[in-house]
Structures are given as structure tokens and as C-alpha cells.
Enquirer: 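Structure in C-alpha cells, see below.
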2 protein chains.
Amino acid sequence: MVQKLHTAPDASGPSPAGDPEPKSTRERILDVALDLFIDKGFDKTSLREIAEQLGVTKAALYYHFASKEDILMALHMRLHEFGAEAMGRIGTHEPTAALWGELLEEMVDQMLANRKIFLLHERNQAAFEALHRQEHEAAHDDLQEQFRKVLSDPRVPTRDRVRMAASFGAVMAGIFVAGNAFDDISSSELSQLLRSTVRDVLG
Amino acid sequence: MVQKLHTAPDASGPSPAGDPEPKSTRERILDVALDLFIDKGFDKTSLREIAEQLGVTKAALYYHFASKEDILMALHMRLHEFGAEAMGRIGTHEPTAALWGELLEEMVDQMLANRKIFLLHERNQAAFEALHRQEHEAAHDDLQEQFRKVLSDPRVPTRDRVRMAASFGAVMAGIFVAGNAFDDISSSELSQLLRSTVRDVLG
DNA sequence: GTCTATATTTCGATAGAC
DNA sequence: GTCTATCGAAATATAGAC
């Protein structure tokens, strides 16, 4: 279910059905916005810029999205789907360092495959918080919210709580390390090295 | 030299000289801006807000700072001073995992003491990048720049490069973990647990 | 669905008095 | 060093034609 997230690029050669299945304008808007929001940040990216890079006008965007924040919300949903089942699993069991480690190791490859979505959130924390503030919706089953809950759980030994946070941070740093310092490392090698690190932190 | 960073709060009781040494307006502006930039982000914080919380008008700010970005730059300097000597040390030697670990362990306590400055940078990466783009100054001896250089160094084994990044991410996550999930853990205990984690990652 | 206007607001920044 | 008043720019968002 999660694998589907990296919306199969049309660069996969001639499709079997012969149908190019061109991306919807809505999807193309999201793709452009994702890149710009990562590069320049949500606030410093104007709708004019997004429209220009897409070859349409600002007004066209408003046909597909009610507001600029609505675009951000749509992108947020991609992460939400991503973490839904993962967090569901850890939410039901009593959280332990061992289970956390298993889960995190499984997530490494998925995080690598969906780098951009995580990068977007890492680099626009303030914008997403503002988003959450105004929708004080009942079920705040957010990914970060779940994280906080587990890491605050008094049933878990202090040492393990810190190690859980640290292991996650280690993976994030490995994947999103400043700029492109790891571009010469293959995904599979990086994945292996990070999973090994997780084991050392939580083992 | 670095210890001086957390600008001795005037809450340290009656000062020996009897002089309360009230903070300069400039410093008070920076303090308010720091909190707001962390909480709402640089872009979503208006000068009007800063001035209001300070009990002055917008125009007063312009007497102390040439622009809004100038305020951000002044805050950036606090981090710059912080990392100058640390990075100087690792810059001269051939970077090794062992040296990196030593340095990182020493930094943990200083990072804990200067949480806010690091948090500011973590949460406003886009704003700081924009700052750096327009000053294509010669000596770009920035903290992040130095990090990139070390982590890209081909002389260092791939495994160690990843572990260096991971160990730093582990510390960052431990200190800035989502919200206040670790508020019940004392600084000294957190420091000890994080340094132990660093050793496990790099040892 | 996309366009050409235009409305509305907010913000950063400046001028000049005190 | 701080104020009042205002400028000019840029952005989000809307109205209505095609």
C-alpha cells in the first residue's frame, strides 16, 4: 500500500497498455509545488512561481485548490498515508526499543524512496504547525503526534526513550544530510549502513 | 569562550557590582525575535509582532537593525561563534570517526545550553539558505558548509561518513525531539545518555 | 479549465518630527 | 531612540469572460 506512494513516473518507458496516462493537472501542480517548497520554503514560494513553472496562470491554480495552504495540506496527506500503518502497528503494542528498531529498519527503504515528502516536512516545520493549529480537529492522528506519545510514555525506560529518538534522528540525518554529501553512495549501501546503525543504537 | 554564549541572564540574583546591567534594546529585540522565529517561523513573523511584544513601534526596530534579515543575521552570528572553534579543530586534522566522536561529545552540553539557537536554525533552514545565497562572500566558513565538506571527504570510509552524520542526527534528535517529550529528563541525564549513544554509533 | 483583470491585505521600509 | 504617517511592493484571493 505504501509502495504506491512514489507515483509511478511516466519515464518507465512505453506503458503496456499504450495509454500514457498523463498526470492530472492537480498532480502536476503538487509535483511542482513539492520541489519549490523544498527548495525555497513554503512561505517564500509564491503561487505566481508555481503557475509560471507549470505554464499556466495563478487563477488556474485556484480552480484546483481553494488556497495556498490547501496545496500544502494535499502534500501533507502523502506523508500521512505513509505513516498511518506504521504508527498503527506501534500504537497497538506496548512500545519497546526492539519493536521500534524493527519498524525503523523497515521504514528506511521507504523513506529513501519517498525522500522528498520527508524533506518537505523537515524543511517546513513551521508551516505545517500553522496548518495544524487552525484545524484543531478531533482525531489528531498525526505522525509527529504519535511519535511524541511514544517518546513520552513513562512505561518505557528513560534510556530507551532517548535511544528511540536518537535512532530516528540518525536515520533522518543519514538520508537528508546537508545538501548532497552522500550522492556518491548508492541507496542500497546507504540503507544497509543505516539499518546497521539502528541496530547498534537500539541493540 | 563558548560558554559566554548564553548571555548571562539577569536572574542571577543581585549582581556583585550592584549594577543590574539592563539588557540593551538591541539584545531585547533579538531575544523576542528568537522566540517568535522559533515558534512561528521567520517568514510568518512580522516586525509589527516583534515590536508589539516589546512595547515599541516597528520604526524603532529600524534604528537598531537595517532590515528584517539583519535581525536573522545577528541571530545567526550566535551560532557562528559557537561552532567556529569546534569546526576549526576538525578542519585542521584529517577527519576521523574517533575525532568526530570526541568533538560531538564535547558539544552535547553546549548544545543543550544553547538549545534555542540550534532550534532556530533547524526550523528556519530555508530562511538561512536565502540569507547565504545573497552574500556570496568569499570565506564561507559556515558551520553547515564545514559539515558538508567533512561528510563528503573521499578519504573517509563510506561507513564512517554515514556514521558521523548519523551520530550528529542522533544528538540533534535527542535534544530537539518533537515538542517537549523529554522535559521530564534532566539535562545531565540526557547529556549522559546521548554521549553514550554517540560512543555506540562511532565506537 | 484556463484566462484577464482587479480587489484586498499585509508587510517591509522610509521620512521627518520630537 | 522612539514616535506618527505613509509609501511601494508583493502576495493571496476573487469576479467574470471565454
Side-chain angles (χ1 to χ4, degrees), chain A residues 20-76 120 123-124 126-135, chain B residues 20-76 120 123-124 126-135:
Chain A
E21 181 82 49
K23 269 186 194 171
S24 67
T25 303
R26 188 190 153 91
E27 284 300 314
R28 285 173 52 230
I29 292 173
L30 289 177
D31 287 345
V32 170
L34 176 58
D35 284 337
L36 284 173
F37 289 171
I38 289 176
D39 192 45
K40 313 186 38 174
F42 174 75
D43 300 280
K44 286 200 164 67
T45 301
S46 67
L47 295 180
R48 182 187 56 75
E49 248 175 318
I50 297 176
E52 230 164 50
Q53 210 165 108
L54 240 123
V56 298
T57 62
K58 253 190 324 179
L61 302 184
Y62 279 94
Y63 175 82
H64 297 277
F65 296 94
S67 70
K68 186 184 177 185
E69 287 199 338
D70 203 40
I71 298 180
L72 191 66
M73 178 60 86
L75 288 171
H76 177 59
L120 171 74
R123 299 196 43 151
N124 291 279
F128 281 108
E129 263 184 38
L131 213 64
H132 281 177
R133 267 173 213 170
Q134 66 188 37
E135 4 143 337
Chain B
E21 181 80 53
K23 268 186 194 171
S24 67
T25 303
R26 187 190 154 92
E27 284 300 314
R28 287 173 52 231
I29 292 174
L30 289 177
D31 287 344
V32 170
L34 176 57
D35 284 337
L36 285 173
F37 290 171
I38 289 175
D39 192 45
K40 313 186 37 174
F42 174 75
D43 299 279
K44 285 200 165 66
T45 301
S46 67
L47 295 179
R48 183 188 55 78
E49 248 176 318
I50 298 176
E52 231 164 50
Q53 210 163 107
L54 240 124
V56 298
T57 62
K58 246 188 335 177
L61 302 183
Y62 279 94
Y63 175 83
H64 299 276
F65 296 94
S67 70
K68 186 184 178 187
E69 287 199 338
D70 204 40
I71 298 180
L72 190 66
M73 178 59 87
L75 289 171
H76 176 59
L120 171 73
R123 300 196 42 151
N124 290 279
F128 281 108
E129 264 183 38
L131 211 66
H132 281 177
R133 267 172 212 170
Q134 67 187 40
E135 4 142 340

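Fair warning: this is a prediction, and the values are worked out from it, not measured in the lab. Naming convention: chains lettered A, B, ... in sequence-line order (proteins, then strands); numbering from 1 in each chain. Atom set for the values below is all heavy atoms of this structure, side chains included, hydrogens, waters and symmetry mates excluded.
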Enquirer: Once you round it to whole Å, what is the distance between P of D:dA13 and NE2 of A:His64?
Expert: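 Distance check: A:His64 NE2 to D:dA13 P gives 16 Å.
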Enquirer: Output yes when at least one side-chain N/O atom of A:Thr25 is less than 4.0 Å from OP1 or OP2 of C:dT2, else no.
Expert: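 Checking C:dT2 against A:Thr25, a side-chain N or O does come within under 4.0 Å of OP1 or OP2.
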Enquirer: Is the backbone N or O of B:Phe42 less than 3.5 Å from a side-chain atom of B:Asn124, with the two atoms forming a donor-acceptor pair by type?
Expert: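 Yes; at least one donor-acceptor contact below 3.5 Å.
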Enquirer: Below 4.5 Å, heavy atoms only, C-beta onward: do A:Leu30 and A:Phe37 meet side chain to side chain?
Expert: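 No - every pair of side-chain heavy atoms lies 4.5 Å or more apart.
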Enquirer: Rounded to the nearest angstrom, tell me the gap between atom CD1 in A:Ile71 and atom P in D:dA11.
Expert: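 In whole Å, D:dA11 P and A:Ile71 CD1 are 14 Å from each other.
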Enquirer: Let me check something: any side-chain donor-acceptor pairs from residues 56-63 of chain A under 3.5 Å, sequence neighbours excluded? List them with distances.
Expert:
none

Enquirer: Check whether any side-chain heavy atom of B:Arg123 sits under 4.5 Å from a side-chain heavy atom of A:Glu129, and report yes or no.
Expert: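 Sidechains of A:Glu129 and B:Arg123: in contact.
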Enquirer: Which residue pairs satisfy the salt bridge (Lys or Arg N to Asp or Glu O under 4.0 Å) criterion with at least one member in residues 62-76 of chain B, sequence neighbours excluded?
Expert: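 Listed by first then second residue: nothing to list.
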Enquirer: Is any side-chain N or O of A:Thr57 closer than 4.0 Å to OP1 or OP2 of C:dT2?
Expert: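 Result: no.
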Enquirer: For a quick check, with a 4.0 angstrom heavy-atom cut-off, what is the B/S/- contact string for nucleotides 11-18 of chain C, read 5' to 3'?
Expert: SBBBB---
Enquirer: Go through the steps to decide whether B:Asp35 and B:Asp31 satisfy the test side-chain contact (heavy atoms from CB on, under 4.5 Å), and finish with yes or no.
Expert: CA-CA 7 Å; B:Asp35 284 337; B:Asp31 287 344; 5.7 Å; no
